[in-house]
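Only one structure is covered here, and it is reproduced in the block below.
On a predicted model such as this, the values are computed, not experimentally measured, just so you know.
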Amino acid sequence: MNSSVSFFSLNVRGLRDNVKRRAFFCYLEGVGFDFCFLQEAHLRDGGDVCRFKREWDKGESFWGIGGVHSTGVGILCGHREVKVENTFVISRVLGIDVKFREARYRLIGVYGPQVAADRRGMVDCLAPLCVTNRHLVIGGDFNIDLGLGGDSSAGAISGLMACHGLVDGGLHTTPAMVGPTWRNSRGVARRLDYIFVSRSLGQLSGRLLPVFFTDHDGVFLQVGSPVCLFGRGYWKLDRDILEEQAFVDAFFCFFRRLDGLRSMCEGVLEWWDLVKGRIRAFIIGYCRRKKREERREVDRIQRLIELEYEAGNLGGSIDWERFAALKAQLRELQEQKARAFLERAHSGFLEHNETCSAMFFKSVRARQSRKVMKGVREENGSIVSKPEEMVRVTTDHFQGLFKEREIDVEQGNVFLEHLSRRLPEDIRDVMEAQISLEEVESALRRMGKGKVPGMDGLPAEFYLKFCGILGPVVLEVLKAILETGVPGGSMAVGVLSLLYKKGEATDLGNWRPLTMLCVDYKILAKVLADRLRTALPYVVHEDQTCGVEGRSIRWNLQLIRDSIAWVEDRGLPLMVAALDQAKAFDRVNRSFLFRVLGRLGFGEKFIGWIRTLYVGAGCRVSVNSHLGDVFDLSSGVRQGCPLSALLFILYMEPLGAAIRADTGVEGLLIPGSGGLRVKMTQYADDTSLLLCKDSCLTRSLAIFGDFTRASGAVLNHAKSSVKFFGRWRGRTDVPGGLCEGALRILGVNFETSSSATLNWNMRIAVVQRKLAMWKARYVFYGQSPGPKGGCVAVSFVCGIQPIAGLSEEASSEACVSVYVEWQVRVGRQGTHDLSHRGGR
């Protein structure tokens, strides 16, 4: 079967003449297209639409009524196998969503007005229609030669193409179709007809086809099979319906009936999995009915617009004021759909009531591109790009990453001997108490909103909305899981979503795996995490500051900052080594982790609860919304589980204890401490050593090598660095095989001098870039809430209107100053403001 798809576009200059229309339809059969865009069809009323539909019998056809002597657009399907899923019409714009040969397209036919201002308005109407994850194709007569430009509409069209990843099909063919497509009797020739296609579509070929009954040439474009085809993903609840009282009332009535299913199930876990399936079916049915009602509303408005046209075509008058109002309603409905789509895409960028501007769409597209895979590299070096092959290779890669690796148990026992702290018995007893409804509700209220749910598709907002009836049920389910040691079906399987970091995009090692987990699982994990957090201060050394109540990331940064200042002032030798681990969270050996928990004094019951959540856990990779098969997670802690960071801290504790206990590792002598030396500081997997002898670094690396054999952790030598200070400033020879270079710890750069200036300049540059982006946005922050409910007056108005009495450039500088001042005033002072990891 031919995998290419062909498109044809032509301005027909009227089709109401019966003879011309029949001759033209015969001509189209010979062209052999899959989809055809027509302009200036001159449909007068609904009767013409019915007649045209009846006479084109090769496939479905769609028509928009316009003025008899000016507009009227159509889209023709060349095959009966095309499945049309949606249609929309806005005056000179006609669009359809179709599925053809397993690919999904959004096809938009346009007929551009001759007046530049009206043409620009048409482009504005196109913008929300272009928001889609389908392959996008726009064809028609734009009534402007983009090569010549000449007015603002040309720039608007180019901007639309850039925002939505479109290319000019005529320019990307070989040879390029750059010749004119329209000529008049006075010898004027212009290129007015175009077909724009998504970059995701394959190789292009085409030609211009002269036609005897019009002054336009037809544009024929053939594209290869689509690449980077998106799958359907898995179902997720649309959070907007939770605000509809009709849905809330209907769900309450529906859920009360589900208790009768208990007699059909062996236990509460089987019943709960059945209930979640019924809830999903109920919500899908409700949303389908709602969508049909919304579509009827769109059809109603479109029909009213057509009736206005029909009145003018039949000799009456058009109510232009009502006509404009109807068009505005239709555009608003399309923009609402676009906004909802982008919010579901988690753009995190759209302000309430903000216009969907070109800059906005471009920024969202850039963010979403980090989640799109265009190809992955196999072990043999070849790159695959077909969806099923990418899913297979990705599944094999992460299945290998998460497999259990052999460790040295005896070496592990050596490290465990260094753990001297024990959990008090009263704290251990509290941790093993029966979980309560208050704990469940508290965990749910503190859960992040707007997060992608797990396989059951139910987000935290759903549980919060119906907490009164779902809370006791969830508590019963969680108790059953802890008693049986077996989580429910959907709770045991996560979806591995991949986020591109940097480097070669085809290398799967450059994609960060995040696990999307069901909310009921995360509630249980969060309850256990809350209990575990109360125990950490008793068993975790003060060198580790991540996740322990009462400790701050500032401790790490201030210690390093003050140590550097001390040795620089006194001329003492100091090396600071920043050790980085490869795939730190993913390589955690669970048997070693559980032995650490036992050594620290955690009870067997609590350890069994943790084991319940991790032993037997499964996962499916998601590649461009294509899901792979389930595979076991035999190692690692899930990035996305509330427990993961806390468990990792305990997993790292033996390494810190071993370095502290080793007499061959001498740290920096703290002034005024009575002989106390500090050797290291830790924040989760980030370990920073402060050493004064070369042999100390060599010994520390040897300890880490032993820890690798004991636990499976691996040091990433390429990303670990050393920097010298004080008497050693300027040294380049590094013992142990590490690199000497820039020292960046927890997002902060440390230099021998002027570190504060360097870091502040970097932060101010980020602010200036954000302010520059806001120039194209209608956003005004008048009263910005402070961290404790207070309000700080901050006006970000640069690019919208200058601050009174200042130029635009001065206004920008003033806004930066106000922003920095505000950051300091709300408590993000000194180094702490620069300590957010990843530059946040």
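Judged by distance alone, the side chain of Arg428 and the main-chain N or O of Leu423 form no donor-acceptor pair under 3.5 Å. Formation of a donor-acceptor pair under 3.5 Å by the Arg587 side chain with backbone atoms of Gln581 is not found in this model. Using modelled atom types, one side-chain atom of Ser635 and one backbone atom of Phe402 make a donor-acceptor pair closer than 3.5 Å. Judged by distance alone, the side chain of Trp271 and the main-chain N or O of Leu258 form a donor-acceptor pair under 3.5 Å. The main-chain N or O of Lys99 is never found under 3.5 Å from a side-chain atom of Glu85 such that the two would form a donor-acceptor pair. Listed for the Lys583 side chain is a donor-acceptor partner under 3.5 Å among the backbone atoms of Gly509. A donor-acceptor distance shorter than 3.5 angstrom exists from the side chain of Thr484 to the backbone of Ala480, with no hydrogens or angles considered. A donor-acceptor pair is defined here as one N or O able to donate and one able to accept, closer than 3.5 Å; no such pair exists between the side chain of Lys501 and the backbone of Leu499. Judged purely by atom type and a 3.5 angstrom limit, Trp511 has no side-chain atom pairing as donor or acceptor with the backbone of Met373.
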Would you check, one step at a time, whether the test salt bridge (charged side-chain N to carboxylate O under 4.0 Å, His left out) holds for Asp97 with Arg106?
-> CA-CA 5 Å; Asp97 289 337; Arg106 172 162 290 181; 2.7 Å; yes
Output, in order, the C-alpha distance, side-chain angles, deciding distance and verdict of salt bridge (charged side-chain N to carboxylate O under 4.0 Å, His left out) for Lys290 and Glu244.
-> CA-CA 11 Å; Lys290 178 186 173 185; Glu244 300 177 13; 2.4 Å; yes
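Taking each heavy atom of Leu600 and Val539 in turn, the nearest pair found is O-CG1, 3.8 Å. For the residue pair Ala460 and Val519, the shortest heavy atom distance occurs at N-CG2, 3.5 Å.
Among residue pairs with one or both ends in residues 452-462, those qualifying as salt bridge (charged side-chain N to carboxylate O under 4.0 Å, His left out) are Arg239-Glu461, Lys276-Asp456; sequence neighbours excluded. Residue pairs meeting the side chain to side chain donor-acceptor pair (under 3.5 Å) criterion with at least one partner in residues 595-614, sequence neighbours excluded, are Asn413-Arg595. Screening residues 390-405 for salt bridge (charged side-chain N to carboxylate O under 4.0 Å, His left out), with sequence neighbours left out, gives Glu378-Arg392. Residues in residues 252-268 take part in these salt bridge (charged side-chain N to carboxylate O under 4.0 Å, His left out) pairs, two or more places apart or across chains: Asp259-Arg262, Arg262-Glu476.
Residues Thr395 and Asp629 bring no donor and acceptor atom of their side chains to less than 3.5 Å of each other. With no hydrogens or angles considered, a side-chain donor-acceptor pair links Ser591 and Asn589 at under 3.5 Å. In the model, Arg638 has no side-chain atom that pairs as donor or acceptor with a side-chain atom of Thr515 under 3.5 Å.
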Side-chain donor-acceptor pairs under 3.5 Å in residues 524-532, sequence neighbours left out?
unit_1, atom_1, unit_2, atom_2, d
Asp530, OD1, Arg533, NH1, 3.3
Asp530, OD2, Arg446, NH2, 2.4
Arg531, NE, Glu439, OE2, 3.0
Arg531, NH1, Met431, O, 2.8
Arg531, NH1, Ala433, O, 2.6
Arg531, NH2, Ala433, O, 3.2
Arg531, NH2, Gln434, O, 3.3
Arg531, NH2, Glu439, OE1, 2.8
Arg531, NH2, Glu439, OE2, 3.4

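Note that CE of Met455 and OG of Ser490 are 8.5 Å apart. Values are rounded to the nearest 0.5 Å. Distance check, rounded to the nearest 0.5 Å: CG of Leu401 to CG of Leu508 gives 10.0 Å. Between the OH atom in Tyr521 and the CD1 atom in Ile523 there is a gap of 13.0 Å [rounded to 0.5 Å]. Once rounded to the nearest 0.5 Å, the distance linking CG of Leu633 with CZ of Phe398 reads 11.0 Å. We find the CE-CD1 distance between Met652 and Ile649 to be 10.5 Å, quoted to the nearest 0.5 Å.
Taking the six-membered ring wherever Trp is involved, the centroid distance between the rings of Phe282 and Phe255 does not fall below 6.0 Å. For Tyr105 and Phe100, the ring centers are positioned 6.0 Å apart or more. When ring centroids are compared, Tyr651 and Phe585 stay outside the 6.0 Å threshold.
Scored by the side-chain contact (heavy atoms from CB on, under 4.5 Å) test, Ile284 finds Trp235, Arg280, Arg288 as partners (sequence neighbours excluded).
Within 6.0 Å of atom CG in Asn510, more than 12 heavy atoms from other residues, nucleotides or ligands are found, so the atom counts as buried in its surroundings.
Comment: Arg300 engages Glu297 in a salt bridge, judged by a side-chain N to carboxylate O separation of less than 4.0 angstrom.
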